[in-house]
Amino acid sequence: AQKITQTQPGMFVQEKEAVTLDCTYDTSDPSYGLFWYKQPSSGEMIFLIYQGSYDQQNATEGRYSLNFQKARKSANLVISASQLGDSAMYFCAMREVSYGGATNKLIFGTGTLLAVQP
Amino acid sequence: DAGITQSPRHKVTETGTPVTLRCHQTENHRYMYWYRQDPGHGLRLIHYSYGVKDTDKGEVSDGYSVSRSKTEDFLLTLESATSSQTSVYFCAISEGDAANYGYTFGSGTRLTVV
């Protein structure tokens, strides 16, 4: 069964420094997508970045990049030059293509709470 | 305008009462989902829909039912609310179900069962 693991319940980072949020996944399917979402204290879920299992390069979106190591089944989120507004809960999620099912769903990790300190 | 809205945003209800949460989308997406969010558990799938009147159970479906009579609305019903169903409920929509399709989420409903 597919599974997402985020081993860091909480992290601190100094403003303007880079931070890496860990995510490992488990799947036997060769085709899957990996996503990161941000949830600020206001509660909404905000899509940050996507990485496909067949993508040759690591995904980047502004200050966000995804360190994709397929053999290790890890998809760590790197935030460069942290800002106070980056303080939030971050969720890693995976969607795999399971043929024969009604649909393919996102499964989520338990999240990492990031606090950016001035 | 937001493509997906949830109502109500907050609700307090008593144990044993029925509760219905509504998710409304204007994107004409085929796929809709209900998740609950609890500390230490992330988001867990309750039910999902892959078309009008086509629904199926997720990993935590006990005590919940859903209905989708038209594309834009997906209702989640707690037949008899219990304290364990106190949670934040998120609706999500997806344009497709291939691996590269993510979700767009509603703003969430905070439900408290007393």
Side-chain angles (χ1 to χ4, degrees), chain A residues 1-10 21 23 25 27 29-55 59 61 66 75 89-113, chain B residues 2-6 8-10 23 29-61 66 68 74 87-111:
Chain A
Q2 55 179 311
K3 184 177 179 181
I4 293 284
T5 302
Q6 294 180 256
T7 58
Q8 306 155 313
L21 307 184
C23 173
Y25 59 93
T27 180
D29 207 295
S31 179
Y32 52 90
L34 297 157
F35 301 79
W36 278 90
Y37 286 85
K38 173 184 178 181
Q39 186 180 42
S41 58
S42 53
E44 71 268 31
M45 295 287 287
I46 302 167
F47 166 74
L48 294 178
I49 196 167
Y50 161 81
Q51 179 84 43
S53 60
Y54 294 117
D55 293 344
E61 290 286 350
L66 201 152
M89 181 73 84
Y90 289 82
F91 290 99
C92 181
M94 178 174 69
R95 192 170 202 173
E96 66 179 12
V97 177
S98 54
Y99 298 100
T103 186
N104 309 307
K105 291 81 69 179
L106 277 181
I107 61 163
F108 290 83
T110 52
T112 295
L113 183 61
Chain B
I4 174 171
T5 55
Q6 292 183 232
R9 291 295 311 278
H10 302 272
C23 179
H29 286 347
R30 176 180 175 187
Y31 302 95
M32 300 185 74
Y33 311 83
W34 278 107
Y35 285 81
R36 60 177 289 173
Q37 182 181 9
D38 304 289
H41 291 278
L43 281 78
R44 292 179 293 174
L45 182 65
I46 305 172
H47 281 279
Y48 62 95
S49 171
Y50 47 99
V52 174
K53 297 186 179 180
D54 291 323
T55 65
D56 206 348
K57 297 178 179 180
E59 63 175 309
V60 290
S61 59
V66 290
R68 191 170 179 198
F74 191 33
S87 186
V88 179
Y89 291 86
F90 282 98
C91 177
I93 60 175
S94 182
E95 186 176 5
D97 75 338
N100 60 319
Y101 284 100
Y103 291 173
T104 300
F105 285 88
S107 299
T109 294
R110 184 173 294 276
L111 176 68

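Throughout, protein chains are lettered first and strands after them, A, B, ... in sequence-line order, and every chain is numbered starting at 1. All heavy atoms count here, side chains included; hydrogens, waters and symmetry mates do not.
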Report task. Could you list the residues that satisfy salt bridge (Lys or Arg N to Asp or Glu O under 4.0 Å) with D55(A), not counting sequence neighbours? Result -> none
Query raised in the report: Can you say whether L43(B) sits under 4.5 Å from chain A via the side chain, the backbone, both, or neither, judging by heavy atoms?
Result: both
**Report entry** Test side chain to side chain contact (heavy atoms under 4.5 Å, CB included) applied to R9(B) - qualifying residues, sequence neighbours left out
**Finding:** S107(B)
Report task. Count the heavy atoms of every other residue, nucleotide or ligand shown that sit under 6.0 Å from CZ of R110(B), and state whether that count exceeds 12. Result -> no
Query - Shortest non-hydrogen separation from Y37(A) to Y103(B) and the atoms involved - result: OH-N, 2.9 Å
Query raised in the report: Where on Y101(B) is there a heavy atom nearer than 4.5 Å to chain A: the side chain, the backbone, both, or neither?
Result: both
Report summary line: Between the OH atom in Y35(B) and the CD1 atom in I107(A), the distance rounded to the nearest 0.5 Å is 9.0 Å
Query - Contact winner vs chain B - Y50(A), Y32(A), F91(A), heavy-atom pairs under 4.5 Å - result: Y50(A)
Report task. Could you look at Q37(B) and say if it's the side chain, the backbone, both or neither that has a heavy atom under 4.5 Å from chain A? Result -> side chain
Requested in this report: Determine the minimum heavy-atom distance between N104(A) and D97(B), stating which atoms define it.
Outcome: ND2-O, 2.7 Å
Query raised in the report: Does a side-chain heavy-atom distance below 4.5 Å link Q39(A) with F105(B)?
Result: no
Query - N/O donor-acceptor pair under 3.5 Å between Y33(B) side chain and K105(A) backbone - result: no
Query raised in the report: Can you name the nearest heavy-atom pair linking R95(A) to A99(B), along with the distance?
Result: O-CB, 3.7 Å
**Report entry** Per-residue contact mode, T104(B) against chain A (heavy atom under 4.5 angstrom)
**Finding:** neither
Query raised in the report: Of the listed residues (V88(B), N100(B), D54(B)), which shares the most heavy-atom pairs with chain A below a 4.5 Å separation?
Result: N100(B)
